[in-house]
Amino acid sequence: MNIILDAFGGDNAPKAIVEGAVQAVNAYSDIKVILTGKEELIKEELALYNYDRSKIQVVNATQVIDMAESPVEAIKRKNDSSLVVGFNLLKEGKGQAFITAGSTGATVAGATLIVRRIKGVKRPALAPVMPTTKGTGVLLIDCGANVDCKPSYLAQFAQMGSIYMSKAQGVLNPRVGLLNNGAEEEKGNMLTKEAYAILKGMPLNFVGNVEARNVNSGDYDVVACDGFAGNIALKMMEGAAQTITSMLKEELYKNFKSKIGALLAKGAFRRLKKRMDYTEYGGALLLGVNGCVIKAHGSSNARAIKSAVNQAREFIIGDLVNIIKEEITKVED
């Protein structure tokens, strides 16, 4: 299988992207990687590593889409950008997945305009898998692709999320929740109340409303929401994790006794960090488009890119695009 990587997307491009690609082809024998971007610079980075040269191809792209650019205008204007070239390769079937750590807005716009939506999908949705206290994963969908939503969008997000967790993650009868400001059925605004009513009538394991504090409880496998609330929830989780880590480190090194305690608990802290580390989870899937598209974190390092490649492998092996197409068609019919 061929996986396309935007070598010039993200804060640490191209170094981290290239290194992650090398790690991936060395770890997974069933993949090849296509790197898009400025060929000369990519090849300079590749020359630093040992790998099977037949496993990585470089496709030249002379332009780069910056984070501050208007997403739609950038996609239309920069036809030779690493992002647009990558999307075109995916559309043409030269790869089965596309991964970028670049602009979220441009990623959503490019996927929608170039790769296109699956027939029947109202809006594609960003869906990262987040860690939980029970060691499982929870899919938060949507996390920023659609800030303004209709109730039917949220219902379809829940459906696509349930399909992914079932077919790609092996979760039996995924528990689906709706992000809200209270657990009771009558809570929420017009959007969530109407979405709740739709979800109750769908063939999903819908378990009700979810307060933000319980998203990571392990009691849910999928949490559906609009992109505005989802993005706020996601950023709050990231910020809280960073704050707690910083405060804990400060307290542990405050005096001699706490330093001894930190040394004794070093193994536990290492395991906790691994459970919370986004680089272990890959990126946010853009579900609902005609191909596997993954938006990696903007600050992704090589390990995060390697994880995103593995995430793409699992998506392709699970034939998720065709399964989503079939399930969406059933509902539409």
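Quantities reported herein were computed from a predicted structural model and do not represent experimental measurements. Just so it is clear, the values below take in all heavy atoms, side chains as well, and ignore hydrogens, waters and symmetry mates.
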(message) For a 4.5 angstrom cut-off between non-hydrogen side-chain atoms, does M1 reach D30?
(response) yes

(message) Can you confirm whether Y28 sits close enough to N310 that some side-chain heavy atom of one is under 4.5 Å from a side-chain heavy atom of the other?
(response) yes

(message) I'd like to know if the side chain of T192 pairs up with that of N189 as donor and acceptor (distance under 3.5 Å, no hydrogens or angles considered).
(response) yes

(request) Take atom CD of E40 as the centre, draw a 6.0 Å sphere, and report whether it contains more than 12 heavy atoms from other residues, nucleotides or ligands. (result) no

(message) Between D142 and N146 (side chain of the first, backbone of the second, donor and acceptor by atom type, cut-off under 3.5 Å), is there such a pair?
(response) yes

(message) Looking at every non-hydrogen atom in both residues, tell me the closest pair between A125 and A145 and how far apart they are.
(response) CA-CB, 4.2 Å

(request) Can you see which heavy atom on V18 is nearest to which on E45, and at what distance? (result) CG1-CB, 3.7 Å

(message) Looking at Q156 and G120, would you say the former's side chain and the latter's main chain have a donor-acceptor pair under 3.5 Å?
(response) yes

(message) How long is the straight-line distance from CD of Q96 back to CD1 of I4, given to the nearest 0.5 Å?
(response) 8.0 Å

(request) Can you see which heavy atom on F98 is nearest to which on L5, and at what distance? (result) CE1-C, 4.4 Å

(message) As a quick check of understanding, evaluate side-chain contact (heavy atoms from CB on, under 4.5 Å) for V25 and D52, giving each step before the final call.
(response) CA-CA 8 Å; V25 297; D52 182 346; over 6 Å; no

(message) Quick check for you: to the nearest 0.5 Å, what is the distance between N79 atom CG and N88 atom CG?
(response) 8.0 Å

(request) Of all the heavy-atom pairs spanning V85 and A61, show the shortest one and how long it is. (result) CG2-CB, 3.8 Å

(request) Evaluate side-chain contact (heavy atoms from CB on, under 4.5 Å) for M202 paired with V176, printing each intermediate quantity in order. (result) CA-CA 11 Å; M202 292 179 68; V176 177; over 6 Å; no

(request) Please answer whether the main-chain N or O of A158 pairs with a side-chain N or O of S162 as donor and acceptor at a distance below 3.5 Å. (result) no

(message) Using 0.5 Å steps for rounding, measure from the SG atom of C225 to the CD1 atom of I141.
(response) 8.5 Å

(message) So, taking the atom named OH in Y153 and the one named CG in D148, what distance separates them when rounded to the nearest 0.5 Å?
(response) 9.5 Å

(request) Say whether L83 and L286 are linked into one hydrophobic cluster, either directly or through other cluster members, by side-chain heavy-atom distances under 4.5 angstrom. (result) yes

(message) Please determine whether a side-chain nitrogen of the Lys or Arg among E73 and K76 lies less than 4.0 Å from a carboxylate oxygen of the Asp or Glu.
(response) no

(message) Would a single hydrophobic cluster contain both L126 and M236, if residues Ile, Leu, Val, Met, Phe, Trp and Tyr are joined by side-chain heavy-atom contacts under 4.5 Å?
(response) no

(message) Within a 6.0 Å radius of atom NZ on K32, are there more than 12 heavy atoms belonging to other residues, nucleotides or ligands?
(response) no

(request) Quick one: pull up CG in L320 and CG in L285 and give me the separation to the nearest 0.5 Å. (result) 8.0 Å

(request) Kindly check if the number of other-residue, nucleotide or ligand heavy atoms within 6.0 Å of CG (L172) is above 12? (result) no

(request) Without swapping roles, check the side chain of N2 against the backbone of I34 for a donor-acceptor pair under 3.5 Å. (result) no

(message) Quick check: closest heavy atoms across V293 and A111, and the distance to 0.1 Å?
(response) CG2-CB, 4.4 Å

(message) Cation-pi check for Y51 against R53: NZ or CZ below 6.0 Å from the six-membered ring centre and within 45 degrees of the axis, yes or no?
(response) yes

(request) Heavy atoms only: give me the nearest G218-R175 pair and the separation to one decimal. (result) O-NH2, 3.0 Å

(message) Between F206 and L139, is there shared hydrophobic-cluster membership here, with clusters defined by ILVMFWY side-chain heavy atoms closer than 4.5 Å?
(response) yes

(request) Would you confirm whether D66, through its side chain, and A68, through its main-chain N or O, come within 3.5 Å as a donor-acceptor pair? (result) no

(request) Inspect the surroundings of CE in M67 and state if more than 12 heavy atoms from other residues, nucleotides or ligands are less than 6.0 Å away. (result) yes

(request) Report yes or no: do I114 and L89 belong to one cluster of Ile/Leu/Val/Met/Phe/Trp/Tyr joined by side chain heavy-atom distances under 4.5 Å? (result) yes

(message) I'd like to know if the side chain of N12 reaches the main chain of S300, judged simply by a donor and an acceptor atom lying under 3.5 Å from each other, with no hydrogens or angles considered.
(response) yes

(request) State whether K193 and E185 are salt-bridged, where the test is any N-O pair (Lys NZ or Arg NE/NH1/NH2 against Asp/Glu carboxylate O) under 4.0 Å. (result) no

(message) I'd like to know whether D319 forms a salt bridge (Lys or Arg N to Asp or Glu O under 4.0 Å) with K167, so could you lay out the CA-CA distance, the side-chain angles of the two residues, the decisive distance to 0.1 Å, and finally the verdict.
(response) CA-CA 9 Å; D319 196 26; K167 304 299 182 181; over 6 Å; no

(request) Treating Ile, Leu, Val, Met, Phe, Trp and Tyr as nodes and any side-chain heavy-atom pair under 4.5 angstrom as an edge, say whether V222 and V171 lie in one connected cluster. (result) yes

(message) So if I apply the side-chain hydrogen bond (donor to acceptor under 3.5 Å, both in side chains) rule between S82 and each of N60, T36, D6, T100, which one comes out positive?
(response) D6

(message) For N50, is the CG atom crowded, meaning more than 12 foreign heavy atoms sit under 6.0 Å from it?
(response) no

(request) Give a yes or no answer on whether the side chain of Q311 reaches the backbone of G283 with a donor-acceptor pair at less than 3.5 Å. (result) yes

(message) For C143, is there any backbone N or O sitting under 3.5 Å from a side-chain donor or acceptor partner on N231?
(response) yes

(request) Output, in order, the C-alpha distance, side-chain angles, deciding distance and verdict of salt bridge (Lys or Arg N to Asp or Glu O under 4.0 Å) for R77 and E69. (result) CA-CA 11 Å; R77 186 166 47 86; E69 292 186 74; 2.8 Å; yes

(message) Under 3.5 Å, is there a donor on one side chain and an acceptor on the other for N216 and T132?
(response) no

(request) Say whether, by atom type as modelled, one donor and one acceptor occur between the side chain of D226 and the main chain of A229 under 3.5 angstrom. (result) yes

(message) Within this structure, what is the CG-CG distance for the pair L178 and N209, rounded to the nearest 0.5 Å?
(response) 5.0 Å

(request) Ignoring hydrogens and angles, tell me if any N or O in the side chain of N180 forms a donor-acceptor pair with the backbone of V210 under 3.5 Å. (result) no

(message) We want to know whether K325 and N290 form a side-chain donor-acceptor pair, criterion being a heavy-atom distance below 3.5 angstrom.
(response) yes

(request) Indicate yes or no: at least one non-hydrogen side-chain atom of T62 is less than 4.5 angstrom from one of K38. (result) no

